[in-house]
Asker: 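Below is one structure. I have some questions about it.
Lettering of chains follows the sequences in order, A, B, ..., and the numbering in each one begins at 1. Here the structure is a predicted model, which means the values were calculated and not measured.
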Amino acid sequence: AQSVSQHNHHVILSEAASLELGCNYSYGGTVNLFWYVQYPGQHLQLLLKYFSGDPLVKGIKGFEAEFIKSKFSFNLRKPSVQWSDTAEYFCAVNEHSGNTPLVFGKGTRLSVIA
Amino acid sequence: GAVVSQHPSRVICKSGTSVKIECRSLDFQATTMFWYRQFPKKSLMLMATSNEGSKATYEQGVEKDKFLINHASLTLSTLTVTSAHPEDSSFYICSARVANRGNEQFFGPGTRLTVL
């Protein structure tokens, strides 16, 4: 079975600071990897996804993530955060083939202060 | 495209009553729908997977007689919480997978259930 761990429970940054949120997964096979964001009071939105190809994936709102297969990691990055990035961020994984549901990490709450 | 709606967005009910939550894919046909439960400040926990026209597959520890899932059409799945109790209070989120768009799942806005 797959599992996802997100190392940071709550991250507090000042505006313009750089962001990196850790995500590691455990699964022996090929996977698809996702980052979702949940703004306060809103539903989950897809930030970016990796299925195959270039391990550096660019998403919406200036976010990117790098898949490092040897480390089973898919860390999310943004060079300069804004106050509007305050939200909950979830890393998720599912099997590359087959009809399997997404398995989520516990989430990281990001608070950006002015 | 790929919009998923849920109804109601918020429901309060008395202990012992049943509550039905609807999940609709508005502009696509969803061959598979998923139901998740999100506890406060916790991650999403998968409850069940349902394929149109067949019985749902429940995750370990989820009571199938308590959480009834019906996926009667390619655009509608329902979750009925039967004989609800206060511990069933939670945020329920549905998700739909598009058959011809790989493995991407689209999420509904969620339903906040409060059982008094």
Side-chain angles (χ1 to χ4, degrees), chain A residues 1-11 21 23-25 27 29-53 57 59-60 74 87-111, chain B residues 1-7 9-10 21 23-26 30-52 54 56-62 69 71 77 91-112:
Chain A
Q2 305 133 39
S3 67
V4 179
S5 62
Q6 292 183 240
H7 318 300
N8 314 102
H9 177 63
H10 187 193
V11 173
L21 301 181
C23 171
N24 285 89
Y25 68 93
Y27 180 66
T30 306
V31 296
N32 303 308
L33 295 152
F34 305 79
W35 275 98
Y36 283 86
V37 61
Q38 189 175 33
Y39 297 102
Q42 296 190 28
H43 62 281
L44 284 168
Q45 298 175 41
L46 180 67
L47 270 181
L48 48 79
K49 61 189 177 186
Y50 173 80
F51 286 175
S52 64
V57 180
I60 60 171
F74 190 56
E88 190 88 21
Y89 292 82
F90 294 95
C91 181
V93 63
N94 69 355
E95 291 181 20
H96 188 67
S97 58
N99 194 25
T100 59
L102 287 173
V103 174
F104 285 83
K106 291 188 175 181
T108 298
R109 185 154 64 101
L110 172 65
S111 299
Chain B
V3 177
V4 177
S5 71
Q6 278 184 245
H7 178 79
S9 58
R10 192 180 292 267
I21 302 169
C23 174
R24 293 182 186 272
S25 55
L26 297 185
T31 50
T32 304
M33 286 187 171
F34 308 93
W35 286 94
Y36 291 84
R37 183 174 177 176
Q38 187 178 26
F39 293 95
K41 298 185 180 181
K42 299 265 186 178
S43 185
L44 282 78
M45 181 194 80
L46 179 67
M47 299 175 66
T49 301
S50 75
N51 292 297
E52 184 262 340
S54 60
T57 302
Y58 290 80
E59 295 298 300
Q60 194 172 14
V62 178
I69 291 171
H71 191 169
S77 176
F91 196 55
Y92 293 88
I93 303 173
C94 77
S95 174
R97 190 202 302 278
V98 184
N100 60 353
R101 287 177 65 166
N103 286 312
E104 187 168 353
Q105 284 180 223
F106 298 92
F107 288 83
T111 296
R112 171 77 58 196

Asker: Considering only heavy atoms and a distance below 4.5 Å, find which of A/Gln42, A/Lys106, A/Glu88, A/His9 pairs most often with chain B.
Answerer: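 When all of A/Gln42, A/Lys106, A/Glu88, A/His9 are compared, A/Lys106 has the most.
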Asker: Taking atom NE2 as the centre, does A/His10 end up with more than 12 heavy-atom neighbours from other residues, nucleotides or ligands that are less than 6.0 angstrom away?
Answerer: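 Yes, enclosed.
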Asker: Under a 3.5 Å distance rule, please check whether B/Ser43 uses its side chain to pair with a backbone N or O of A/Gly105 as donor and acceptor.
Answerer: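 Pair found, side chain donor or acceptor close to backbone of A/Gly105.
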Asker: Does any heavy atom of chain B fall under 4.5 Å from the side chain of A/Leu46, the backbone, both, or neither of them?
Answerer: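 For A/Leu46, side-chain heavy atoms alone lie under 4.5 Å from chain B.
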Asker: Assert yes or no for the condition that the ring centre distance of A/Phe104 to B/Phe107 is strictly below 6.0 Å.
Answerer: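 Aromatic pair counts; centres sit under 6.0 Å.
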Asker: Decide yes or no on ring-ring contact (aromatic ring centres under 6.0 Å, His included) for A/Phe90 and B/Tyr36, but give the supporting numbers first.
Answerer: CA-CA 14 Å; A/Phe90 294 95; B/Tyr36 291 84; over 10 Å; no
Asker: Between B/Gln6 and chain A, which part of the residue has a heavy atom less than 4.5 Å away: side chain, backbone, both or neither?
Answerer: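 Neither part, no heavy atoms under 4.5 Å.
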Asker: How many angstroms lie between CG in A/Leu102 and CG in B/Leu46, if you round to the nearest 0.5 Å?
Answerer: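 Reported to 0.5 Å precision, the distance equals 9.0 Å.
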Asker: Between B/Arg97 and A/Asn94, what is the shortest heavy-atom contact and its length?
Answerer: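 Nearest pair, atom of B/Arg97 first, then A/Asn94: NH1-ND2, 3.8 Å.
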Asker: Which distance, rounded to the nearest 0.5 Å, do you find between the NE2 of A/His43 and the OG of B/Ser5?
Answerer: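 Reported value, rounded in 0.5 Å steps: 10.5 Å.
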Asker: Evaluate A/Gln45 against B/Phe106 for side-chain contact (heavy atoms from CB on, under 4.5 Å), listing each step before the verdict.
Answerer: CA-CA 8 Å; A/Gln45 298 175 41; B/Phe106 298 92; over 6 Å; no
